[in-house]
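A quick write-up on the structure given underneath.
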Amino acid sequence: MSTATVIPLIDRSRPAVQPPAQRAADSALAQTRTARGWSQLQVIQALVRLADHWGWPVASQTSLKVQLSRWENGANPGPTYQVLLCAVLRATPADLGFEPSARPAAPSPGDDVAALAGRVQALETLVVQLSAQLSAVVA
């Protein structure tokens with residue numbers, strides 16, 4: 001029988017060197033997260049819980065881990081995730097460094113009034129229709 005050779009797991013001839021600490025990206029999203037004292041996992045779990053509460057479909061936690069890392073390193077999340085991140089971190093899109101999406105030109109004040117009047121009329125019509133349906137069901 002041969003004798004087994006034992007190889008030590010630690011080379012005591014060289015001092016142990018601590019690996020460099022991982023630091024968060026310098027993005028506004030990463031800074032906001034770390035300022036709250038949250039890990040990426042905590043943000044992901046909060047995103048999933050909030051999306052579930054609102055009934056919004058989101059990616060799996062594993063996928064969100066990758067996505068959050070990308071977002072913290074400069075990628076812009078889609079509108080759904082921007083809303084969720086803003087709600088979870090209690091911040092505005094600007095606070096989190098999200099680039100503004102392309103928006104149509106601002107309407108003139110007259111357009112706002114006309115649009116609002118149209119919405120009010122549509123709501124009044126809906127109330128009348130619902131009242132009529134309710135009266136028919138109760139009768």
Side-chain angles (χ1 to χ4, degrees):
M1 268 196 171
S2 64
T3 42
T5 305
V6 177
I7 301 172
L9 295 176
I10 299 173
D11 182 359
R12 297 194 192 282
S13 64
R14 295 185 309 185
V17 176
Q18 183 174 2
Q22 291 184 345
R23 64 179 189 85
D26 291 333
S27 69
L29 174 59
Q31 289 175 356
T32 302
R33 175 184 60 78
T34 55
R36 290 183 67 80
W38 286 16
S39 67
Q40 285 186 333
L41 180 60
Q42 288 171 310
V43 171
I44 291 165
Q45 289 171 337
L47 281 175
V48 169
R49 282 193 305 270
L50 181 59
D52 186 49
H53 177 74
W54 285 351
W56 293 8
V58 292
S60 68
Q61 286 193 17
T62 305
S63 294
L64 285 174
K65 170 70 171 107
V66 173
Q67 291 299 328
L68 182 58
S69 179
R70 290 182 65 233
W71 300 332
E72 287 189 352
N73 285 288
N76 213 26
T80 298
Y81 291 107
Q82 285 187 17
V83 171
L84 289 168
L85 286 164
C86 287
V88 164
L89 295 171
R90 296 183 180 152
T92 66
D95 292 340
L96 298 180
F98 299 148
E99 295 175 11
S101 60
R103 294 183 181 156
S108 67
D111 293 342
D112 286 342
V113 172
L116 183 57
R119 291 178 68 191
V120 168
Q121 180 61 42
L123 286 172
E124 288 174 348
T125 303
L126 181 61
V127 168
V128 169
Q129 291 172 348
L130 291 173
S131 297
Q133 290 176 357
L134 183 59
S135 296
V137 170
V138 171

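Just the heavy atoms: all of them, side chains too, but no hydrogens, waters or symmetry mates, feed the values below.
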(message) If you compare all heavy atoms of Pro93 against all heavy atoms of Cys86, which two are closest, and at what distance to 0.1 Å?
(response) N-SG, 3.5 Å
(request) Calculate, to the nearest 0.5 Å, the distance between atoms CG and CZ belonging to Leu96 and Arg90 respectively. (result) 13.5 Å
Can you give the donor-acceptor pairs under 3.5 Å from side chains of residues 49-63 to other protein atoms, not counting sequence neighbours?
| unit_1 | atom_1 | unit_2 | atom_2 | d |
| --- | --- | --- | --- | --- |
| Ser60 | OG | Ser63 | N | 3.2 |
| Ser60 | OG | Ser63 | OG | 3.3 |

(message) Any non-hydrogen side-chain atom of Arg36 less than 4.5 Å from a side-chain atom of Gln42?
(response) no
(message) Tell me every residue that passes side-chain hydrogen bond (donor to acceptor under 3.5 Å, both in side chains) with Arg70, counting only those two or more places apart in sequence or in another chain.
(response) Gln67
(message) For the OH atom of Tyr81 and the CG atom of Leu64, what is their distance to the nearest 0.5 Å?
(response) 5.0 Å
(request) Find out whether Arg33 and Leu29 are in side-chain contact, i.e. whether some heavy atom of one side chain is under 4.5 Å from a heavy atom of the other. (result) no
(message) So Leu85 and Val43, do their side chains get closer than 4.5 Å, heavy atoms only?
(response) yes
(message) Under a 3.5 Å distance rule, please check whether Thr32 uses its side chain to pair with a backbone N or O of Ala28 as donor and acceptor.
(response) yes
(message) Return the CD to CG distance between Gln31 and Asp26, rounded to the nearest 0.5 Å.
(response) 6.0 Å
